[in-house]
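Reminder, nothing fancy here: chain letters follow the sequence lines and each chain counts from 1. In this text the structure is predicted, and so the values were computed from the model without any measurement.
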Amino acid sequence: MSQVVVTVMPRKGVLDPQGQAVRGALTQLGFDGLGEVRIGKRIELDIAGDDPVGTARDMCERLLANALIEDYTVEPA
Amino acid sequence: MSQVVVTVMPRKGVLDPQGQAVRGALTQLGFDGLGEVRIGKRIELDIAGDDPVGTARDMCERLLANALIEDYTVEPA
Amino acid sequence: MTRVAIVRFPGSLDHDSAARAVAGMGGTAVEAWHGEPELPAGTEAVLIPGGFSYGDHLRCGAIASRSPVMGAVGRHAAAGGRVLGICNGFQVLCEAGLLPGALRRNATLSFVCRQMDLEVADADTPWTGGRPRGAVLSIPVKNNEGAWYGDPASARPVLRYHGEDPLGSVDHIAGIANEAGNVMGLMPHPEEACDALLGSMDGELVIGGLLR
Amino acid sequence: MSTDTPLHRRLGLTDDENALIPELVGREVTVPELFMFSLMWSEHCSYKHSKPLLRGFPTTGERVLLGPGENAGIIDVGDGLAVALKIESHNHPSAVEPFEGAATGVGGIVRDIMAMGARPIALLDSLRFGELTSARSRHLFTRAVAGIGHYGNCIGVPTVGGEVAFDDRYEESCLVNAMCVGVLPADRVLRAAAAGPGNAVILFGNRTGRDGIGGASVLASAELDDDEDKRPSVQVGDPFTERKLMDCCLELADRGAFVALQDLGAAGLTSSASEMASRGGVGLEIDLDLVPLREELAPAEILVSESQERMLCVVEPDRVDEVLAACTRWDLPATVIGRVTEGDRLVARHGGEVVVDLPARLLADDAPVYGVPQDPAPAPVAVDLDDVPLPDDLGAAWLELLARPNIASRRWIFERYDHLVGANTVRRPGGDAAVVRLPGSQRAIALATDCAERWCELDPRIGGRASVLEAARNVAAVGARPVAATDCLNFPNPEKGHTGWRLAEAIGGMSDALRSLEVPVVSGNVSLYNESAQRAILPTPVVGMMGLIERADRSVGQAFVADEDVVILIGDEGRLDASEYLGRVAGAPALDLEREVEAIAMVIEAAEAGLLRSAHDVSGGGLGVALAESALAGGRGARLVLDPGRRADEALFGEGGGRFVVSVRPDDARALHELARSGGRSVTVSTLGTVGGDTLRVSLGERSVALDLDAARAVYEGALPEALA
Ligand SMILES: Nc1ncnc2c1ncn2[C@@H]1O[C@H](COP(=O)(O)OP(=O)(O)O)[C@@H](O)[C@H]1O
Ligand SMILES: [Mg+2]
């Protein structure tokens, strides 16, 4: 088993209302000088086999990410 | 401005219904040999100032993570 | 009597109300279980009801859209059969690629349960009971992730929010059909507007699209 | 607490209790056994400080199929249908983690209803938080509402009603009470009593982890900030699994597969297994090695884990495969973990060794019972009303009242809840009571929760009565006959000050009113120790009331529906004494039980006779607020004349008097007046004026006041969103 980390982020150019809301909340708490805030998912998977990163990539294509609105990256932990 | 990446994951021992559901779905899609699946958040922030990592840590304590059920890590992008 | 298969996933919630609405209009509702590779024998139309299939985990509708029964729904649609997806069912159809676009988090960042006015944007599909363009229907929405996102040119908008749109859909889109018009998805819940006692009968105009 | 404090004290057992246990068992107990006793003998599970007082409630009646003592009470509603109902608190967990605490509170009460074999058809939530000017209260409140919505929406049970009030005495101790109602065939009531030695015991649902161990129960027996160690590990709700459990349980209950069914709530397997055995007068043997785990746990931890979304059932041996197959179909882990035995012992094995061997009854029923001090509280310090000036501008005072968080529209809350799923919600939240059609029937039930906590503080007996009467009025206002109640008694530490007395008096007052209304209490819950080092909560006995309407299409709304309809006030004078308007105390509240019950009966009869075009009970904010709500709901004003009474603000904003504002067709006004006198009744009925226009115009003797509906709507609808923005 090796651990693979999949990161799924909203695609550039796609509005991220959640990120905006968090940015607003942070600003209200007094955190100034805040630029963009983007919120995505981190998925940690324990995968068996010779090519865990390849398997995870396959998982992304088939389920974990929606290419219309999300970009993903895969890396070993 | 420098980019900081905050990772917020369910705490060890705390139920992760999302990871559980996704694990089941991947298994049904025929991905065998799957161990644990854990799903958390990745938050990318552009922060000004001398100590963006320290600022992000502060943000985690005050808003971004819920210490009762989540662990967080902060690193420069 | 048209035989309407109502797809049931773990976490489907509106299969019973949908079946009641179909039966109330003279159709026959049968259950299509998510794990089956085929639709029930004699299926003439398919309804994918609302709910939180697979707990809305990962992305709404994503896990359900990959289940065995969806292959059969795809074949049914490709053969010109009628398919209606309501709320989570709409999300499933988008995730399955049977309708364009995706449903994203509401602009309010909260669940919204509200009776809404919907305007007929395209009178030439089976899904608005022949009501003219601009006619207004009253049907409730209830969702977390109901903001349709995509290229409006790629879609065939059938219903738009009339007046306010707390969800923040592109072009105020409430429901779309595929090019051929046989597959339809919408976020509002017509099955909860098929009974005068509940305040509106306008839902029958949409559900009627499933029936001969 | 330091580690050399004896274990039993760390677990919350007193020295006397610790000495009593080996005496009752006949030997020293094992560590897992001590854990089990500490939880089962906590206030939360044993009601050791409240049990004797609860006996005062009326609990019987023609319709009662099952009264208190089971997971929920059951009422026969005719047409072969029965309704299960229960309310429960999840206060402390919600104060610790409002989202998950409130969410798992909903999950817990829903499983209580499922355990009766019922299909949950409605949820209500009764909430108390500190003032919204406090950032912490805003946070707790918004997160609790989000958690309730998350869970209820996801399991497909409509949240059709509830209530909320803000007061700084809830700042550190918020209240989150959730009520669930389910429907089942009247001849298929499922009980949680194990039976049939040799039958299998199956645990199904989520795997067991280290969730809330020592949580709810230990917390409930100590003040929250007393000890960091007593804080629970936070339970995370999993509504998706709950929904699968619900579908699976209903499928199996319909097929008659269960001998008994029970949820796992506070004290987990310990409480479920011991209660099931004790109720059934049998023994249970379970093998802890067979319990599906999420992580490695010690035997004691398995026994007391409060992991959510789990159920326990007893099944005849030849139906085990059928039950396991259904669980597999729903993708729910399910395991035979033991069997029913002759005798009365609860036995648990681990690694082949017996780690628990106790009479189940000792755990489930034989906790010591304590009296609580009965020290009456002194009368409240009152201001002299003569020292309170009349407002120069009654209209401004009216608008200001409509904008108060305790009065303003609750739309911000209920639009976050799916209140429609199931397609049976005939009257939605926002009115007096929600009306939910019973599936497959013409009948409907009306549901409301209420509590007059400000009155309870001043006079708990009157407050107890008022809480029940207000709930009954809300149900009557939609045209329903109150048939059953459930209650949640939220109080501070009963061993201190006047709380024990207040608890007894409140129960007494509630019982007085319930008896007069002939409404039984069929279930309930007690939550004590709601206080911090700073302050204690108001005595808050929440009443959940269910009413019955024979014809769902005959229910009544609160909106004025047609111009020229006659507006009529039913009931007696209101007073400023303990009113929301005054915000101070000008005297102890008073009420005339008999007259209020008569007014309720009259309104129900008027609704059944089809006389009412609208009806609305008069509560917080008095007549002024009730009139404004009927006007806003209908988008129609009215022209009214009020008897100025003692003073104009009292006439408009006074509370109490057991009142309703109704509107009727002009031709029906006489019939309504006659109804007030029929059957030896003498209800006060006054015609106030007529519906019409876009302004509420009220003349009060020399003064008159006008409320512009657009302005009123702006403040009434805007107040909560603005306070929370
Ligand atoms: N205030 C009350 N009024 C009436 N019955 C009550 C009250 N509090 C508890 N009960 C009854 O006592 C029993 C135990 O309550 P509780 O421990 O809350 O139930 P559960 O174990 O199902 O969570 C239930 O049958 C409940 O209805
Ligand atoms: Mg229970």
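Looking at D:N424, both its backbone and its side chain come within 4.5 Å of chain C, counting heavy atoms on both sides. For D:R428, the part lying near chain C is the side chain, with the backbone staying farther off; criterion is any non-hydrogen pair under 4.5 Å. For C:T108, no part lies under 4.5 angstrom from a heavy atom of chain D.
A ring-centre distance under 6.0 Å is not found for C:F52 and D:F240.
The distance from the CZ atom of C:R114 to the NE2 atom of D:H419 is 10.0 Å, given to the nearest 0.5 Å. The CZ atom of D:F414 sits 9.5 Å away from the SG atom of C:C113 when rounded to the nearest 0.5 Å. For the atom pair CZ of D:R243 and OH of C:Y54, the computed distance is 14.5 Å after rounding to the nearest 0.5 Å.
The environment of D:R294 atom CZ is dense: over 12 non-hydrogen atoms of other residues, nucleotides or ligands sit within 6.0 angstrom. In C:R8, the CZ atom is crowded: over 12 heavy atoms of neighbouring residues, nucleotides or ligands sit closer than 6.0 Å.
By number of non-hydrogen pairs under 4.5 angstrom with chain C, the leading residue of D:R427, D:E242, D:H150, D:R416 is D:R416. Across C:G51, C:C194, C:G55, the residue that shares the most heavy-atom pairs under 4.5 angstrom with chain D is C:G55. Between chain D and the options C:A18, C:G35, C:S110, C:S12, the largest number of non-hydrogen pairs under 4.5 Å is found for C:S110.
Across D:L420 and C:E192, no two heavy atoms sit closer than the pair CB-OE1, 3.2 Å. Across C:R20 and D:A423, no two heavy atoms sit closer than the pair NH1-O, 3.3 Å.
A 4.5 Å side-chain heavy-atom check between D:D418 and C:H189 finds every atom pair outside the cut-off. The shortest side-chain heavy-atom distance between D:R437 and C:L198 falls under the 4.5 Å cut-off.
Residues of residues 551-559 of chain D lying within less than 4.5 angstrom of chain C, judged on heavy atoms, are D:A552, D:D553 in numerical order.
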